[in-house]
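Counting from 1, the numbers follow the sequence of the chain as shown. Bear in mind the structure is a predicted one, so any value in this text is a computation, not a measurement.
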Amino acid sequence: MKKINTAKSFGIIGLGRFGSALVKTLSDAGKEVIAVDTDEQTVKAVRKYTDFAFVVETLNQDTLEETGIQNCSIVAICIDDEIDMSILTTMLVIKMGVSIVIAKASSPEHGEVLKRLGADVVYPESDMAVRIGKKLISGNLIDYISLDDDVEVRRIQVDGQLVGRTIQEMDVRRTYGINIIAIERNHQTNVEFSAQYRFQAGDIVAVIGKVDKIDHFERDTQQ
């Protein structure tokens, strides 16, 4: 077996639907992944994506160290059906010195404990519901990233009164309090555009700002 470059690798502990999908996504992107689970069948299923998939009898410090996961730059704990095991494993991985630990939580209370341990917490089901809801509400929303302090980055399909107008004419910074950070046309992304850039139908604009201000911008430009 080849030796993994653990300094640039990702560790995934827990190979349910979420963890397995994460292994596939990272592997498809050319990343080196260590995958760990106590269930032999789930581990076998991800071996087509990584050579470093390990079955462990129990999740403790000794068995985790044997996989080399403590040397990964980022480890994701994808266990939420057994909250006590999720918390214990997160605590162990942080104790082992992994610089970035991301933990999946099943509830706000579960997430609060994980945060107190020092993990970055994700709520996949809740996040996906919000993402789908936003796309249903806004017909021209392509995607978004939620940041702290009610700030988002959104990719929005150019439509309505945006078409044919320049950035300077729209003056979105003064009018809406948001900033345009990129414009995509024909699958090419431009981050060095001028104020004279004229929007065309089919363009995708990436903006950053407070949620309510981006909402205002979307409502106006759809008219």
Side-chain angles (χ1 to χ4, degrees), residues 1-131 143-149 151 153:
M1 180 184 293
K2 67 177 182 177
K3 185 177 180 180
I4 194 169
N5 183 355
T6 49
K8 298 181 179 179
S9 67
F10 295 80
I12 310 298
I13 302 175
L15 302 176
R17 291 177 60 187
F18 181 75
S20 296
L22 199 51
V23 171
K24 180 181 184 303
T25 300
L26 291 168
S27 176
D28 287 348
K31 306 301 181 182
E32 293 182 317
V33 184
I34 295 177
V36 179
D37 200 287
T38 58
D39 184 78
E40 185 173 357
Q41 294 304 312
T42 59
V43 172
K44 287 174 67 175
V46 302
R47 282 187 176 144
K48 55 188 171 183
Y49 307 120
T50 176
D51 292 332
F52 306 98
F54 300 98
V55 182
V56 296
E57 186 173 339
T58 183
L59 292 170
N60 58 42
Q61 186 165 339
D62 289 340
T63 57
L64 289 174
E65 285 181 344
E66 287 177 5
T67 70
I69 207 162
Q70 71 276 13
N71 298 314
C72 293
S73 53
I74 300 174
V75 172
I77 315 296
C78 304
I79 307 168
D80 64 354
D81 53 343
E82 298 180 63
I83 293 177
D84 55 345
M85 184 57 66
S86 164
I87 293 169
L88 177 60
T89 305
T90 301
M91 182 177 65
L92 285 173
V93 173
I94 291 172
K95 179 183 175 183
M96 291 159 67
V98 175
S99 56
I100 300 175
V101 178
I102 301 169
K104 180 185 177 187
S106 58
S107 68
E109 294 78 14
H110 182 193
E112 185 62 32
V113 174
L114 296 171
K115 285 180 183 178
R116 289 179 181 272
L117 289 174
D120 294 323
V121 178
V122 295
Y123 302 88
E125 288 79 8
S126 175
D127 291 347
M128 182 56 69
V130 171
R131 187 179 297 273
D143 205 351
Y144 81 103
I145 300 171
S146 181
L147 306 176
D148 290 337
D149 300 320
V151 173
V153 177

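No side-chain heavy atom of V55 sits under 4.5 Å from any side-chain heavy atom of D37. Counting only heavy atoms from C-beta outward, the side chains of L26 and I12 approach each other to under 4.5 Å.
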Trace of the side chain to side chain contact (heavy atoms under 4.5 Å, CB included) decision for I100 with V75 = CA-CA 6 Å; I100 300 175; V75 172; over 6 Å; no
task = Evaluate the criterion side chain to side chain contact (heavy atoms under 4.5 Å, CB included) for residue pair L64 and Q61; output intermediate values, then yes/no.
result = CA-CA 5 Å; L64 289 174; Q61 186 165 339; 5.9 Å; no
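Atoms CG and OG1, from L117 and T90 in turn, are 6.5 Å apart once rounded to the nearest 0.5 Å. In this structure, OG1 on T25 lies 11.5 Å from CZ on F10, to the nearest 0.5 angstrom. To the nearest 0.5 angstrom, E82 atom CD is 8.5 Å from L59 atom CG. Rounded to the nearest 0.5 Å, atoms CE (M91) and CG (L88) are 5.0 Å apart. To the nearest 0.5 angstrom, T42 atom OG1 is 9.5 Å from R47 atom CZ. Rounding to the nearest 0.5 Å places CD of Q70 at 11.5 Å from CG of L92.
Side chain of T50 to main chain of F52: a donor-acceptor pair is present (N/O by atom type, distance under 3.5 Å, no hydrogens or angles). Without hydrogens or angle criteria, S73 side chain to S9 main chain gives a donor-acceptor distance under 3.5 Å.
Screening V43, T63, I34 against F54 for a side chain to side chain contact (heavy atoms under 4.5 Å, CB included) leaves a single residue, I34.
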Show me the donor-acceptor pairs within less than 3.5 Å that the side chains of residues 13-24 make with the rest of the protein, sequence neighbours left out.
unit_1, atom_1, unit_2, atom_2, d
S20, OG, L15, O, 2.9
S20, OG, G16, O, 2.9
K24, NZ, D28, OD2, 2.7

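Here the shortest heavy-atom pairing between S86 and I77 reads O-CG2, 4.2 Å. Shown here for S27 and V33, the closest heavy-atom pair between the two residues is N-CG2, 4.2 Å. Shortest non-hydrogen contact noted between I69 and M96 is CG2-CE, 4.2 Å. Nearest heavy-atom pair across I83 and H110 is CG2-CD2, 3.8 Å. For the residue pair A53 and V46, the shortest heavy atom distance occurs at CB-CG2, 3.8 Å. Here the closest heavy-atom approach between residue L114 and residue A105 is recorded as CD1-CB, 4.0 Å.
In terms of the salt bridge (Lys or Arg N to Asp or Glu O under 4.0 Å) criterion, K48 has no residue partners (sequence neighbours excluded).
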